[in-house]
Amino acid sequence: MKFSHTSVMPLEALRYLDCERGGVYVDGTVGGAGHSARILEASVPSGRLVAMDVDEDAIEEAKSVLRPYGERAIVVRENYGNIKTVLEGLGPPLSKADGILLDLGVSSHQFEVDGRGFSFMRDARLDMRMDTRQTFSAYELINEYAAEDLKRIFREYGEERFAGPIAKAIVRERAVKRIETTNELSCLVSGFYTRRPQRIHPATRVFQAVRMEVNDELGHLRRGLDGGMEVLRSGGRFVVISFHSLEDRVVKLAFKRYSSGCECPSDFPQCVCGKEPLARILTKKAVRPSPEETYSNPRSRSAKLRALEKI
């Protein structure tokens with residue numbers, strides 16, 4: 001299946017990145033390379049781009065899309081949580097960035113391609129690995145996690161109101177027969193939502209929670225934010241597009257921490273911590289997609305963009 005993914009808020013992302021010729025930029029979640037191609041166009045003739053992703057299909061698509069840019073584009077199959085290691089490994093002048101973009105979440109391709117097990121709309125073996133090189137998948141999670149751990153991730157990552165009962169039902173079911181497919185899990189979860197029609201599919205929250213746990217999405221996000229700040233040059237921009245309240249909260253709190261100065265108690269007569277702000281926030285409130293974009297690309301409706309500039 002041909003890789004398909006529509007980049008979200010491309011104009012807004014470019015505006016806040018403020019690309020310049022000769023700059024070094026990082027697209028930590030290259031996907032279909034839509035954002036990457038725009039970054040390279042905006043930084044002609046000599047801007048460089050390091051495009052990263054863990055999804056093998058995304059990497060192959062990125063190589064194809066970015067091939068016309070020659071040596072200006074470097075495509076690396078790696079998680080953006082390791083951004084500091086990747087850039088330092090490339091050496092000067094690529095070891096420091098003038099702009100970093102993270103477009104979080106799952107690509108349309110991952111949902112729609114057969115066999116990846118991301119979607120309850122397509123029956124497949126439970127998988128949900130963004131990086132197919134890792135051995136831990138949704139199958140192991142659903143069939144091996146204790147009931148309390150399942151309850152925790154359903155509640156924490158999915159805000160699932162039936163987290164406890166669903167976790168217990170999974171444990172009972174797998175004691176008889178291991179749960180192997182997306183359809184089996186979806187049917188089990190949907191059984192708790194039979195009384196009234198639902199605005200979203202009943203399995204949405206559980207599948208989201210499982211995906212986030214399998215891929216350690218929040219852990220990689222925290223590491224990517226801190227590592228990115230270390231390799232960002234003074235005056236460089238950091239732009240993050242998130243699609244989930246938990247992701248947005250991590251980004252918001254991290255940006256607040258980077259932009260905060262003194263942390264001494266308010267009753268101290270003078271600062272003793274010596275902490276200076278590392279950055280200034282460019283978006284007082286999260287930027288949302290335009291009505292025109294949400295109409296043409298409904299998956300963009302939950303997107304929030306935040307940006308900062310390193311001092």
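Sequential numbering from 1 along the given sequence is applied to the chain's residues.
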*Can you measure from CE (M229) to OH (Y258) and round to the nearest 0.5 angstrom?*
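Reported to 0.5 Å precision, the distance equals 6.5 Å.
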*From N143 CG over to E173 CD, what is the distance, rounded to the nearest 0.5 angstrom?*
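Going from CG on N143 over to CD on E173, the span is 10.0 Å.
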So that I can tick it off, tell me whether [Y] and [X] are bridged by a salt bridge, with the cut-off set at under 4.0 angstrom between side-chain N and carboxylate O.
| X | Y | value |
| --- | --- | --- |
| R257 | D226 | yes |
| K304 | D248 | yes |
| D131 | R77 | yes |
| E217 | R211 | yes |
| R38 | D27 | no |

*asked:* Let's go through L87 and I83 carefully: what are the C-alpha distance in whole Å and the side-chain angles of both, what is the deciding distance for side-chain contact (heavy atoms from CB on, under 4.5 Å) to 0.1 Å, and is it a yes or a no?
replied: CA-CA 6 Å; L87 263 63; I83 185 172; 4.1 Å; yes
Least distance between heavy atoms, [X] atom then [Y] atom:
| X | Y | result |
| --- | --- | --- |
| V214 | L141 | CG2-CD1, 3.9 Å |
| S259 | P277 | O-CB, 3.4 Å |
| L40 | R72 | O-NH2, 2.7 Å |
| E159 | R205 | O-CD, 3.7 Å |
| T294 | P289 | CG2-CG, 3.7 Å |
| T29 | L102 | OG1-C, 3.7 Å |

For [X] and [Y], which I'm curious about, is there any donor-acceptor pair between the side chains at under 3.5 Å?
| X | Y | result |
| --- | --- | --- |
| Y69 | E41 | yes |
| R249 | S242 | no |
| E293 | S290 | no |
| Y145 | E213 | yes |

*Can the positive tip of R125 be found less than 6.0 Å from the middle of the six-membered ring of Y139, inside 45° of the ring normal?*
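Verdict for Y139: a cation-pi partner in R125.
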*Give the ring-plane orientation class for F207 versus F120, where under 30° counts as parallel, over 60° as perpendicular and anything between as tilted.*
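F207 and F120: perpendicular rings.
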With a 6.0 Å cut-off (strictly less than), is the heavy-atom count around [atom1] of [X], excluding the residue itself, greater than 12?
| X | atom1 | answer |
| --- | --- | --- |
| R178 | CZ | yes |
| K177 | NZ | yes |
| F136 | CZ | yes |

_Side-chain heavy-atom pair I241, V287 within 4.5 angstrom cut-off_ =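 Result no, sub-4.5 Å side-chain heavy-atom pair not found.
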*When clusters are formed from ILVMFWY side-chain contacts under 4.5 Å, directly or step by step, what else is grouped with V176?*
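Members besides V176: none; it forms no cluster.
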Please output the side-chain donor-acceptor pairs of residues 149-156 that fall under 3.5 Å, not counting sequence neighbours, one pair per line with the distance.
none

_Suppose we call two aromatic rings close when their centres sit under 6.0 Å apart. Are F162 and Y193 close by that rule?_
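Centroid distance F162-Y193: below 6.0 Å, so yes.
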_Those residues that, when tested against H220, pass side chain to side chain donor-acceptor pair (under 3.5 Å) (two or more places apart)_ =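 Side chain to side chain donor-acceptor pair (under 3.5 Å) check on H220 returns N79, R223.
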